[in-house]
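First the structure, in the form of C-alpha cells, and then the observations on it.
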Amino acid sequence: MKMKKLFALLALLSATTLSFAQKAGDKVTFASKDLNGTEVTDAIFAKNKITLVNIWGTFCPPCIREMPDLAKLNEANKAKGVEVVGIPIDIVDRTGTILPRTKADGDAIIAQTDATYTHIVPTKDMMNGLLRNIQAVPTTFFVDKDGKIIGQMYLGARSQKDWQKIIDDLLKKQK
C-alpha cells in the first residue's frame, strides 16, 4: 500500500512539473483580444514592474473562488506597478475559435466575482505555444516589464494574503 501512495505522489509531481512549456527567463509574446474585444498584446507587460498571469477555467471552482482575491490584489498593487491578467483557457477550442456558450459563462463569472481586470482570449498560437501543456487550472506565473517569466509557476489557488507575499518577494528582487 505504501508503494502505491509513493507511486501516486511521484506521478503527481511529474505531472505538475510538466504542466507548463515555458520556464523562468522565457519571453511571453502574443497578440489577441480581451473578452470585450479590445486588442491586447504582450506590450501589456511593459507598463508594469510585474504582471501576475492567471490561467483559469469556467469549470474550475478553485479558480472562481480565487478571482475575488485576484481582483483585490489588482487594485491594491496598481501603485506598486503590479497588474493581474487572466486567461480563461476553456473559452476557445484548440484552433482558437471562441465557444460562445463558454465565453458567456466566463463573462458571468467575471461579473459575479468582480474580477474586472483584463482577461485575454487565447489564440491558436497561444494554445499551441504558451498554453500547450497546461494540465491543471488555476496555473499562475509572473512576467516582468520585459515580458520575461520570473519566479516559478504556481499550480492551484491561493489567498490574497499568500499572493501578496509572493508579489512582495518578487518586487524586492526586481529592484
Side-chain angles (χ1 to χ4, degrees), residues 19-58 60 62-92 96 98 103 106-123 125-127 129-131 134 136-175:
S19 69
F20 199 76
Q22 308 288 325
K23 61 186 179 306
D26 286 353
K27 187 160 176 124
V28 176
T29 58
F30 69 91
S32 187
K33 294 183 177 183
D34 67 16
L35 286 179
N36 298 318
T38 304
E39 298 287 331
V40 61
T41 69
D42 50 82
I44 195 171
F45 304 131
K47 65 181 182 175
N48 304 304
K49 290 180 183 174
I50 61 172
T51 303
L52 179 155
V53 180
N54 177 258
I55 303 162
W56 63 279
T58 61
C60 170
C63 299
I64 296 165
R65 280 192 302 270
E66 178 180 53
M67 290 170 76
D69 280 350
L70 293 175
K72 290 174 191 168
L73 277 170
N74 190 54
E75 289 303 313
N77 287 282
K78 280 184 180 180
K80 296 178 183 177
V82 178
E83 182 177 6
V84 174
V85 172
I87 302 176
I89 197 167
D90 64 332
I91 66 163
V92 297
I98 293 176
K103 182 189 177 297
D107 290 337
I109 290 165
I110 290 164
Q112 171 192 349
T113 60
D114 201 27
T116 56
Y117 48 87
T118 302
H119 294 270
I120 300 167
V121 176
T123 63
D125 288 343
M126 291 170 74
M127 295 301 286
L130 176 68
L131 305 173
I134 296 295
V137 288
T139 295
T140 303
F141 61 95
F142 292 86
V143 179
D144 69 12
K145 64 181 176 164
D146 299 320
K148 293 182 181 176
I149 296 173
I150 56 172
Q152 66 184 59
M153 306 300 161
Y154 296 89
L155 294 178
R158 288 178 173 59
S159 69
Q160 180 180 356
K161 181 180 176 184
D162 289 343
W163 281 127
Q164 189 64 60
K165 181 177 179 348
I166 293 166
I167 289 168
D168 291 342
D169 288 345
L170 287 171
L171 284 171
K172 285 178 191 171
K173 292 176 184 174
Q174 291 301 302
K175 292 184 178 181

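Listed for the S32 side chain is a donor-acceptor partner under 3.5 Å among the backbone atoms of V121. No donor-acceptor pair closer than 3.5 Å links the side chain of D90 to the backbone N or O of G57. Although no hydrogens or angles enter the test, the distance criterion places no donor-acceptor pair under 3.5 Å between the side chain of N36 and the main chain of T38. Not a single donor-acceptor pair under 3.5 Å links the side chain of D42 to the backbone N or O of T29.
Put simply, the side chain of T123 does not reach to within 4.5 Å of the side chain of F30, judged on heavy atoms. Between I91 and L35 the shortest side-chain heavy-atom distance falls below 4.5 Å.
Rounding to the nearest 0.5 angstrom, the gap separating the NE2 atom in H119 from the CD1 atom in I110 is 3.5 Å. Separation of atoms CD1 (I55) and CD1 (I89) is listed at 6.0 Å; rounding is to 0.5 Å. Here L52 contributes atom CG and I166 contributes atom CD1; the two are 8.5 Å apart, rounded to the nearest 0.5 Å. Annotation: the span from N54 atom CG to I120 atom CD1 amounts to 11.0 Å, rounded to 0.5 Å. Separation of atoms OG1 (T116) and CG (N74) is listed at 7.0 Å; rounding is to 0.5 Å. Taking CZ from R65 and OG1 from T113, the interatomic distance works out to 13.0 Å, rounded to the nearest 0.5 Å.
Taking all atoms of both residues into account, the shortest heavy-atom contact from R158 to L155 is NH1-O, 3.2 Å. Residues I64 and P68 come closest through the heavy atom pair O-CD, 3.3 Å. When all heavy atoms are compared, the tightest approach of G151 to L170 is CA-CD2, 4.3 Å. Taking all atoms of both residues into account, the shortest heavy-atom contact from A71 to A115 is CB-CA, 3.9 Å. The two residues P138 and C60 come nearest to each other via the heavy atoms CD-SG, 3.8 Å.
Side-chain contact annotation: E66 with W56, donor-acceptor N/O pair under 3.5 Å absent.
Partners of N77 according to the side chain to side chain contact (heavy atoms under 4.5 Å, CB included) rule, which considers only residues two or more places apart in sequence or in another chain, are L73, K80, V82, Q164, I167. Looking at residues two or more places apart in sequence or on another chain, you find a salt bridge (Lys or Arg N to Asp or Glu O under 4.0 Å) between K165 and D169. Taking D146 as the reference, nothing meets the salt bridge (Lys or Arg N to Asp or Glu O under 4.0 Å) condition, with sequence neighbours excluded.
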Is there a salt bridge (charged side-chain N to carboxylate O under 4.0 Å, His left out) between D107 and K103 once you walk through the steps?
CA-CA 6 Å; D107 290 337; K103 182 189 177 297; 2.8 Å; yes
Go through K173 and I150 one step at a time and tell me if the side-chain contact (heavy atoms from CB on, under 4.5 Å) criterion holds.
CA-CA 10 Å; K173 292 176 184 174; I150 56 172; over 6 Å; no
With side-chain contact (heavy atoms from CB on, under 4.5 Å) as the test, would you mind laying out the steps for E83 and I44 before giving the verdict?
CA-CA 9 Å; E83 182 177 6; I44 195 171; 4.0 Å; yes
